[in-house]
Participant: 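Below you'll find the structure I mean.
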Amino acid sequence: MTTAAAPSFDPCDPVAVAQALIRCPSVTPEDGGALGVLEAALAPLGFVCHRLRFEEEGTAPVDNLYARLGTEGPNFCFAGHTDVVPPGELKGWSIDPFAAEIHNGRLYGRGAVDMKGAIAAFVAAAARHVKAGGVPKGSISLLITGDEEGVAINGTRKVLDWLQAKGEKLDACVVGEPTNPKALGDMIKIGRRGSMTAFLTVHGAQGHVAYPHLADNPLPRLARMLAAITAEPLDAGTPHFQPSNLELTTIDVGNPAHNVIPAQGKATLNIRFNDLHSADTLLAWLRERLDGVGGSYELDHFVSGDSFLTPPGPLTELVADAAERVTGRRPEYSTTGGTSDARFIKNFCPVVEFGLVGQTMHKVDEHTALDDLTRLTDIYGEVLRNVFDRIG
Ligand SMILES: [Zn+2]
C-alpha cells in the first residue's frame with residue numbers, strides 16, 4: 001500500500017488529469033510517473049492504492065496499480081492502461097507528443113485517446129461522485145496496467161492473479177479503450193474476436209533443379225496447402241461476430257539460387273476468429289487440410305487471445321443507457337477490432353469496453369476533443385450513479 005502527496009491538479013477536472021498523465025512519457029514498459037499521478041488523485045479520495053510491480057525472466061519489469069474505494073461488494077472496476085505506443089517519427093508531429101497542449105478545443109499528445117484520456121475521465125467521474133457525497137453502496141476500483149501495448153505479460157493478467165490470490169472479487173468491469181469509430185456514443189465493445197498466429201514449415205530435400213528425381217521440392221506442397229486453407233471462409237459469422245478471417249502474412253523460402261531446389265518453405269498466417277472457434281478447433285481445422293496435401297510439415301502457433309462475448313444484459317445496458325443519456329445516441333454493440341486486456345478480465349467478471357473516439361490512436365498528432373473528455377466524464381459519472389442499483 002502506498003500513499004501519495006496531494007496532486008497539483010484538480011482530480012475533478014478530466015482535462016487537467018489527462019494533461020498530467022500525457023506529460024508522463026510512459027512508452028511501454030516505462031511508467032514515466034503516470035501511476036504516481038493516479039495515486040496522487042485517488043488516495044486523497046479514500047482509494048486504497050496498491051502499486052504492483054511484476055517481472056518475469058526475459059521481460060522488462062512493469063508497474064501496475066490497483067486502487068479500491070470501499071470494502072463491500074459488488075466491486076465495480078474500471079480497467080485501463082497508462083502505457084502508450086512510441087510517438088514514432090517526431091517530425092511527423094505538429095506538437096511535442098508529451099507536452100499535452102490544447103489547440104482549437106482539442107488536447108494533443110500520445111495517449112490522448114488510447115487511453116489516458118479515458119482514465120482521466122473515469123478518475124474525474126469518481127472524484128466528482130465522491131465529493132458529491134456519493135459514497136458507493138459497493139466498491140469502486142481501478143485496475144491500471146503499464147503493459148497493454150507491449151507483450152502484456154506483466155500487466156493485467158498478473159494483477160488479476162494477484163487479486164484472485166487475495167480473494168478480491170470483481171463483479172463488473174468497464175475497460176476504457178477507444179471504442180467509438182467516429183463520434184462519442186457510437187459503439188460499445190461487448191466482446192472481441194480471438195487471434196491466433198500459425199507458422200507453417202514444409203519440409204523437402206534439397207537438390208539440383210536439373211536432377212529433380214534426386215530431390216524433393218517442398219514448394220508445390222506449400223502452395224497447395226496454402227490454397228487448401230484459403231479456399232473457403234472459416235464461417236459466415238454469428239449474431240454478435242463478423243466472419244472469422246484467415247490472412248496469410250508472409251511466405252518465405254529465402255533461396256538465392258535459381259538452380260537449387262530448396263529444402264523447405266515457410267508461411268505465416270493469422271486468424272481472427274469468432275465464438276464458433278477456439279485455438280484447438282482451429283489447429284485441428286488447419287491440420288485436416290494440411291494432411292490432405294500430405295508430406296512432412298511442422299505447425300507452430302501462438303494465441304494472443306481467445307474470442308469472448310459478454311451477452312447483452314445488465315452491464316451492457318447500463319453503459320449504453322449512460323452513453324445515450326449524455327450523447328443522445330444509442331451505441332451499437334460490437335465485437336470488431338483488435339484484442340484488448342478485456343480478454344483477460346472476461347475470465348473474472350462481465351466486461352465491456354467504452355472510451356473515447358479512436359480515430360487518431362497510435363497516429364501522429366493523436367488528440368481528443370475536450371468536449372468528448374467532458375462528456376465521457378459525464379457518461380462514467382452516470383454509470384457510477386446507477387451501477388450499484390443495476391448490478392448485484
Ligand atoms: Zn489501448
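For reference, positions follow the sequence shown, starting with 1. Atoms within each ligand, like the ligands themselves, are counted from 1 in listed order. Because only heavy atoms are used, hydrogens play no part in the values below, and waters and symmetry mates are left out as well, while side chains stay in.
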Participant: Specify which N/O/S atom of D114 comes nearest to the Zn ion (ligand 1), by atom name.
Facilitator: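 Result: OD1.
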
Participant: Hey, is the Zn ion (ligand 1) within less than 2.8 Å of some N/O/S atom on E149?
Facilitator: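 It does not; every qualifying atom lies at 2.8 Å or beyond.
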
Participant: Answer yes if the side chains of S26 and D31 hold a donor-acceptor pair under 3.5 Å, and no otherwise.
Facilitator: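 Checked: S26/D31 side chains show no N/O donor-acceptor pair below 3.5 Å.
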
Participant: Examine E177 and say whether one of its N/O/S atoms is closer to the Zn ion (ligand 1) than 2.8 Å.
Facilitator: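 Given the 2.8 Å cut-off, E177 counts as a ligand of the Zn ion (ligand 1).
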
Participant: Under 6.0 Å between ring centres: does that hold for H277 and W285?
Facilitator: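 Centroid distance H277-W285: not below 6.0 Å, so no.
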
Participant: Tell me yes or no: between the side chains of R272 and S195, is some donor less than 3.5 Å from an acceptor?
Facilitator: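 A donor-acceptor contact under 3.5 Å links the two side chains.
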
Participant: Among side-chain atoms of S307 and D275, is any donor-acceptor pair under 3.5 angstrom?
Facilitator: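 Distance-only check fails for S307 and D275.
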
